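Letters A, B, ... mirror the listed sequences (proteins, then strands); counts begin at 1. Everything numeric in this text was worked out from a predicted model, so none of it was measured.
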Amino acid sequence: MTVETVTAERKSLFTPFNIIAAVILVAGLVVTVMRFTGGLGAVTNLDQNNPWGIWISFDLLCGVALAAGGYTTSAACYIFGLKKYHSGVRPAILTAFLGYALVVFALHYDVGRPWRLPYPIFVQQGTTSLLFEVGLCVFLYLTVLFVEFTPAMFEWLGMKKIRNIVVKGTLALTIMGVILSTLHQSSLGALFSIAPSKLHPLWYSPYLPVFFFVSSICAGMSMVIFEGTLSHKPMHRLMDKEYLDNHDGLILGFGKATSLVLFGYFAIKLIGLAYDNNWHYLTTGWGAWYMVEMLGFVALPSFLYAVGVRDRNIPLIKWAAGLTVLGIVVNRFNVSLVAFNYFLPSSQRYFPSWSEITISLFVVAIGVLAFRFITTRMPIFHEHPDYKDAH
Amino acid sequence: MEFYTLQDYYTFTKGVVYLIMGGILVGATLYWRFLMGGNNKDD
Amino acid sequence: MANGKQLLRMTVIVLALAGVLGFGIEAMGMLEKAADNGRPDVIMVDTIAKIKNLEQSAAVFKHDAHTKALKDQGMSCESCHTKDVRGEMSLSFKGRADEMSAGQLKDLYHDGCISCHVESGEKGFKTGPMAGECRSCHQAAPDATAVREKAGMDGALHFIHWDSKVLPPAQGKDTNCATCHEKAGEEDAWRFDPKFAAMPVNEAFHAKCVTCHQSLAEKKAERTGPVLCADCHGAKEIATRKDELAKTVKAMGGLPRLPRKQPDAVLLAPKSEKPVETVPGMAGVAFDHKRHEANVDNCVTCHTKGVNADMDKSFAALHDTASDASCVGCHAARQEQPECAGCHAQRPEAAALNEASCATCHNVGTDADERRLMVSAPKEMRAAVAAEAVATRSGTHALVAVDAIPEFVTIGSLSKDYQPSKMPHRKIVMKLVDGVKDNPLAAAFHTAPESLCAGCHHNSPATVNPPKCGSCHTKPFEVDGRPGLMAAYHGQCMTCHTEMKLEKPAATDCAACHEKKAN
Amino acid sequence: MLRRTFLGLLGAAGASVALPRSAAAGSKKFGPHPDTMGVLFDATRCIGCRKCEAACNEVNELPAPDRKFDDLSVLDTERRTDEKTYTVVNKYQGMNGPVYRKAQCNHCLEPACASACFVRAFKKQPNGAVTYDASVCVGCRYCMVACPFSIPAYEYGEPLTPRVMKCTLCAPRLAEGKLPGCVERCPKEALTFGPRDALIEIARARIAAFPGKYVDHIYGEREMGGTSWMYISGEPFSHIGLREDLGTASAPELTAGALAAVPMVVGLWPVLLGGIYAVSRRKDKVANEERVTAVKDALAKAAAEAEKKLHEELSKAETAGRRRIEVEVKKAVEEALSAKDEDAEKSEEEV
């Protein structure tokens with residue numbers, strides 16, 4: 001199968017996809033050079049009031065949230081014993097691994113001295129910082145994800161023994177993954193709990209960590225559905241019968257679960273609103289935007305999921321997944337950019353520069369390319385013939 | 001040990017707690033194996 | 001259930017709407033604020049609100065607009081307000097009675113307003129809303145809001161009333177007080193007259209003033225007062241009136257005293273019918289009533305409860321620094337005017353109430369026996385004693401001889417980056433003198449000729465040879481609250497300049513006082 | 001089930017976030033170090049001469065400004081601290097003319113930057129200064145996000161060695177027994193340097209001496225848990241660019257709840273998830289066993305039924321066979337009896 005794929009690639013080297021990817025990569029490399037010669041000031045619109053831009057909002061916050069599919073899927077399969085989702089685990093783990101790897105990669109652009117990224121863990125530990133917690137968890141979780149991903153690699157490389165050793169640790173790895181994810185997903189929200197005066201009260205809440213964690217579950221599962229849909233077309237030939245047979249079942253099951261979790265998310269957001277008595281803000285412009293987020297990107301997809309599951313309407317579920325993913329992006333942007341520094345005059349607010357967007361696209365493009373590289377070579381969407389029924 | 005800021009106090013206590021957390025993860029794995037590894041066919 | 005495509009379309013629509021709402025709402029917020037033009041004549045008609053919840057928002061009624069329209073259309077106040085048997089105009093809307101149901105009130109206003117609008121419309125005039133145009137009157141967000149200043153009967157306004165020939169003296173009297181104050185000698189009968197007892201004060205005033213002004217206008221009297229809301233309650237109108245009256249008063253050479261037989265001087269000291277054995281602890285105060293009359297807006301500035309009510313003569317009431325109605329409070333307020341504030345604002349020890357200042361007022365009856373006798377002395381004697389004490393006050397400020405004031409003082413003890421400052425000392429003192437020399441209050445309180453010196457040379461006995469500043473202001477940046485020498489000089493000069501509203505030199509214009517050293 | 005359990009537990013963790021606000025950490029209190037120094041800024045004294053800015057620039061050897069320090073037109077636009085300026089004076093329109101306010105690091109008693117820093121680059125020193133150590137700084141700029149006063153600035157122009165820049169309270173000068181540069185240069189002693197406790201006393205005394213001149217509040221006495229740099233003013237503080245909505249909870253208190261939930265997750269999640277795993281496996285096993293038994297039962301039942309049926313069939317067949325035989329026998333017997341009746345009767349009895 002591998003051989004076939006490679007020849008197919010060679011035939012169509014100048015596909016629109018490849019051309020766009022190439023353009024983004026070249027532009028990204030140019031900006032990279034600018035970043036590391038001219039400093040952050042040369043390529044970003046960041047300033048003294050707005051120290052975090054889209055590299056944090058999109059690449060870090062959204063990246064981590066959307067990579068939550070890894071722990072949700074593996075937990076569902078290995079801990080809750082929902083074996084029918086087994087075929088969805090590997091793509092989800094791979095997406096998560098690439099997602100986190102790219103988060104770390106993107107951080108090299110954003111932090112001032114990227115080679116010091118290990119400092120918080122190995123040199124001087126700022127244990128009171130939520131960022132320390134995030135950093136430690138991301139570091140550990142990236143390792144866990146890598147180990148979880150290795151069986152596919154070892155199967156591809158034909159290293160049976162080591163593959164079997166790793167597979168034995170699946171349960172421990174999965175539990176580890178859930179713990180670490182719980183911690184850093186919620187801590188990303190808690191990052192902002194230190195700045196109640198800077199974040200608009202509608203988005204600031206002592207429950208921020210809970211909001212981030214619960215919404216990451218929605219994001220992860222929706223991303224599994226959404227990403228499955230995206231990869232379905234170009235990767236169809238790589239998918240084996242088991243994957244395809246189970247795919248609709250997975251979508252229905254995940255759709256149902258996501259609908260329920262979104263409902264819960266909506267409920268706790270409502271509680272947060274009541275807890276801080278922020279009702280009066282709802283009539284302001286900020287309130288309108290908050291309602292758009294809550295109704296358009298939480299309540300609506302929850303309902304669409306429910307309808308889709310009841311009617312076994314797979315396309316509707318896929319749309320709902322897309323909407324949820326967009327909603328999580330909107331939420332992370334709201335917390336970290338839109339409602340952050342809300343009191344500043346518009347002239348002092350941040351808007352990303354082209355080069356910042358370029359780097360974000362660059363990172364995404366690398367992710368897509370790596371995903372394609374790996375899925376076309378390793379047993380991700382299909383089971384390795386040697387390990388049939390191995391679960 | 002005397003602390004003059006909450007910050008220093010937390011740095012110390014959190015440091016200890018982080019070490020304990022590492023211990024818990026290792027300990028939980030070992031204990032799980034001990035618990036599940038018995039001869040109880042009843043499971 | 002519904003199929004996917006329909007739901008998708010709905011989603012798109014909802015999202016689009018939400019988006020438009022989100023971004024448009026701020027513009028909408030601004031729209032709400034736009035119509036905030038305060039008018040003194042806006043009356044929100046919400047009479048029914050006292051009986052039950054309103055179905056509609058209160059009706060916005062612009063009284064002056066109606067008064068003018070009626071005048072233009074040759075109609076009178078009687079279109080809306082009836083006159084009673086005495087010929088006095090009722091202030092409530094024609095036909096209104098106390099015991100009316102909500103429905104009756106609604107009909108009364110609707111019929112009254114709309115029929116009139118229709119009639120004047122038929123006559124070809126620009127008219128108001130008709131039946132069916134509910135929102136034109138019942139506005140949830142009123143296009144105009146009520147902003148009313150207090151009408152304020154000040155001394156000058158009072159004067160043009162009691163001095164007016166249009167209002168003749170009452171029979172057998174010299175004054176026309178009775179025109180308004182129905183019981184002569186009880187001038188604030190306003191509030192105590194049973195006729196007005198049940199009325200809120202503002203209605204009582206309207207019933208008195210507006211009906212009188214209106215009747216005078218109808219009688220085509222030589223002169224009358226305003227009937228439009230804005231003329232008494234509009235900020236602009238009040239300012240214009242005050243300006244004009246001030247000119248008149250100035251032309252007359254000051255406001256004449258009110259012909260009310262009030263005393264010229266009063267002895268503020270304990271009083272008793274019977275002779276007392278114990279000696280009161282504090283010397284009495286000779287109060288120059290006449291002078292104070294000229295310095296306040298009207299009698300109730302001090303007689304807050306009305307001129308016939310007993311005044312609160314407690315220590316606390318008369319020495320309350322925070323109250324404009326107390327002696328000390330009012331004097332303290334005078335210290336805020338620029339001529340005084342230069343010294344007083346930065347010296348807490350020069351604040352109105354300090355131990356040294358007691359004797360400035362409390363100086364009648366320094367002899368204990370005299371004080372004891374005064375307690376039971378007849379009113380006339382007390383007034384005479386007070387008048388005598390008042391008469392001894394010079395009213396002009398005692399000053400140090402100009403020659404004794406050093407002309408220049410060179411401050412150079414700490415010059416480092418700058419040349420020594422050659423301070424025009426005499427010029428500065430003379431500026432202070434200018435501010436106080438005609439001020440009887442200052443004259444009374446600045447007891448010694450050197451008092452003015454203490455404005456700067458504080459914390460030492462007032463003398464023409466004060467100690468050097470550096471003898472107290474030694475080390476800079478000490479935490480005992482006493483500034484170092486440089487900060488003391490800068491603080492003294494700059495604060496005084498700011499408080500006296502002297503714009504030059506600017507506090508940051510260093511070279512204006514001391515040139516920068518060239519190097 | 002999984003999610004709801006998560007929600008429940010995390011909800012409990014979240015609720016604890018709101019609890020530890022008043023007391024610092026449980027019953028423990030951490031006052032400022034007795035040697036904590038500070039500066040009191042008196043807005044009624046400041047004249048906006050920018051001498052403090054000049055002094056700061058000099059003693060910290062910062063780059064020369066774009067416009068000279070004696071150019072006071074700079075004050076017309078509001079500025080903030082940046083990587084070349086540790087302190088700025090801003091002009092505000094007060095009720096009676098302009099009012100000036102100096103901005104710089106407030107040297108919080110519980111610094112948000114220190115609380116936020118994941119390499120402990122910031123440290124509240126016993127003498128009150130919040131110092132920064134560039135040798136460990138990664139450049140994540142979380143300190144800038146965390147600072148409620150928006151003070152730390154970043155060298156965005158430095159490609160490889162950017163630092164976070166902020167006022168140091170002139171910690172090196174304090175060590176030499178000197179005053180902070182800005183304080184020393186203030187011509188009006190609008191700045192007073194001293195032990196923080198003493199500064200609060202001074203501020204109280206000034207407010208008491210001139211009740212009409214000052215707003216009765218010392219900004220920084222309690223804001224964000226208290227700061228070393230404090231302000232008194234004749235204008236409401238929000239009019240001179242100081243936010244009055246910061247609250248009194250210090251940064252470590254704000255994050256304490258979220259941080260406290262971390263070890264709980266580590267402690268309980270393995271138990272919870274392991275439990276769920278065990279339960280779901282046991283369920284599977286039970287279900288499996290039940291299935292096996294059911295199949296066995298079904299098989300047994302089927303077998304039994306088949307046997308029964310067979311048996312019935314057999315017996316039926318037997319009866320039928322027997323009957324047929326009987327019939328045959330009868331026939332034969334009848335045939336025989338027709339010949340010999342008595343013999344036939346005997347033979348029947350024998351059967």
(request) Please state whether the side chain, the backbone, both or neither of A:F211 comes within less than 4.5 Å of a heavy atom of chain D. (result) neither
(request) Name the region of A:S205, side chain, backbone, both or neither, that has any atom closer than 4.5 Å to a heavy atom of chain D. (result) neither
(request) Using a cut-off of under 4.5 Å on heavy-atom pairs, state which of A:L117, A:L180, A:D110, A:L199 scores highest against chain D. (result) A:D110
(message) Closer than 3.5 angstrom, by distance alone: can the side chain of D:Y142 be matched with the main-chain N or O of A:L191 as a donor-acceptor pair?
(response) yes
(request) Output, in order, the C-alpha distance, side-chain angles, deciding distance and verdict of side-chain contact (heavy atoms from CB on, under 4.5 Å) for A:S197 and D:M224. (result) CA-CA 10 Å; A:S197 57; D:M224 287 301 288; 5.8 Å; no
(message) Testing the basics here: between D:Y156 and A:L46, what is the closest heavy-atom pair and its distance to 0.1 Å?
(response) CE2-CB, 3.6 Å
(message) Let me confirm one number: the CG-OG1 distance from A:L208 to D:T255, rounded to the nearest 0.5 Å.
(response) 12.5 Å
(request) Sort out for me which of A:P51, A:P114, A:G39, A:A190 touches chain D most, counting heavy-atom pairs under 4.5 Å. (result) A:P51
(message) Return the NZ to SG distance between A:K198 and D:C147, rounded to the nearest 0.5 Å.
(response) 6.0 Å
(request) Hey, could you give me the CG/CZ distance between D:L160 and A:F36, rounded to the nearest 0.5 Å? (result) 8.0 Å
(message) Using every non-hydrogen atom in the two residues, find where D:P162 and A:G112 come nearest and quote the distance to one decimal.
(response) CG-CA, 3.6 Å
(request) Ignoring hydrogens and angles, tell me if any N or O in the side chain of D:S280 forms a donor-acceptor pair with the backbone of A:I79 under 3.5 Å. (result) yes
(message) Just verifying a value: how many Å separate D:F118 CZ and A:L130 CG, rounded to the nearest 0.5 Å?
(response) 12.5 Å
(message) Less than 4.5 Å apart, side chain to side chain, heavy atoms only: is that true for D:Y154 and A:L40?
(response) yes
(request) Please examine the side chains of D:V119 and A:V123, heavy atoms only from C-beta on, and report whether any two atoms are closer than 4.5 Å. (result) no
(request) Between chain A and each of D:R120, D:E155, D:E158, count heavy-atom pairs under 4.5 Å; write down the option with the most. (result) D:R120
(message) Looking at D:R163, I'd like to know if its CZ atom is crowded, meaning that more than 12 non-hydrogen atoms belonging to other residues, nucleotides or ligands lie closer than 6.0 Å.
(response) no
(request) Against chain D, work out which of A:A195, A:G38, A:G81 has the most heavy-atom pairs shorter than 4.5 Å and name it. (result) A:G38
(message) If you count every heavy atom of other residues, nucleotides or ligands that lies below 6.0 Å from D:Y92 atom OH, does the total exceed 12?
(response) yes
(message) Quick check on the interface: out of D:P152, D:G274, D:G157, D:G247, who has the most heavy-atom pairs with chain A under 4.5 Å?
(response) D:G157
(message) Check whether A:T128 reaches the backbone of D:S115 with its side chain - one donor and one acceptor, N or O, closer than 3.5 Å.
(response) yes
(request) Measure A:E133 against the heavy atoms of chain D and call it side chain, backbone, both or neither at under 4.5 Å. (result) side chain
(request) Could you tell me which of D:V266, D:D245, D:L246, D:T161 has the largest number of non-hydrogen atom pairs under 4.5 Å with chain A? (result) D:T161
(request) Using a cut-off of under 4.5 Å on heavy-atom pairs, state which of A:N49, A:N50, A:T37 scores highest against chain D. (result) A:N49
(message) Between D:Y277 and A:T174, does the side-chain contact (heavy atoms from CB on, under 4.5 Å) criterion hold? Intermediate values first, please.
(response) CA-CA 11 Å; D:Y277 171 76; A:T174 307; over 6 Å; no
(request) Could you tell me the separation between the CZ atom of D:R281 and the OH atom of A:Y78, rounded to the nearest 0.5 Å? (result) 14.5 Å
(request) Below 4.5 Å from any heavy atom of chain D, which atoms of A:N341 appear? Answer side chain, backbone, both or neither. (result) neither
(message) Would you say CG of D:D66 has more than 12 non-hydrogen atoms from neighbouring residues, nucleotides or ligands within 6.0 angstrom?
(response) no
(request) Kindly compute the distance separating OG1 (A:T127) from CG (D:L259), expressed to the nearest 0.5 Å. (result) 8.5 Å
(request) Compute both the distance and the angle, then confirm whether D:R243 meets the cation-pi test with A:F343: under 6.0 Å from the six-membered ring centre, within 45 degrees of the axis. (result) yes
(request) Using side chain to side chain donor-acceptor pair (under 3.5 Å) as the criterion, point out the one residue from D:R80, D:E83, D:R141 that pairs with A:Q48. (result) D:E83
(message) Quick check for you: among D:P159, D:G139, D:A146, D:P270, which has the greatest number of heavy-atom pairs under 4.5 Å with chain A?
(response) D:P159
(request) Identify which part of D:C140 has an atom lying under 4.5 Å from any heavy atom of chain A, answering side chain, backbone, both or neither. (result) both
(request) Determine yes or no for a side-chain-to-main-chain donor-acceptor pair under 3.5 angstrom, with A:R116 supplying the side chain and D:S135 the backbone. (result) yes
(request) For A:Y204 and D:L254, work out which heavy atoms get closest and say how close. (result) OH-CD2, 4.2 Å
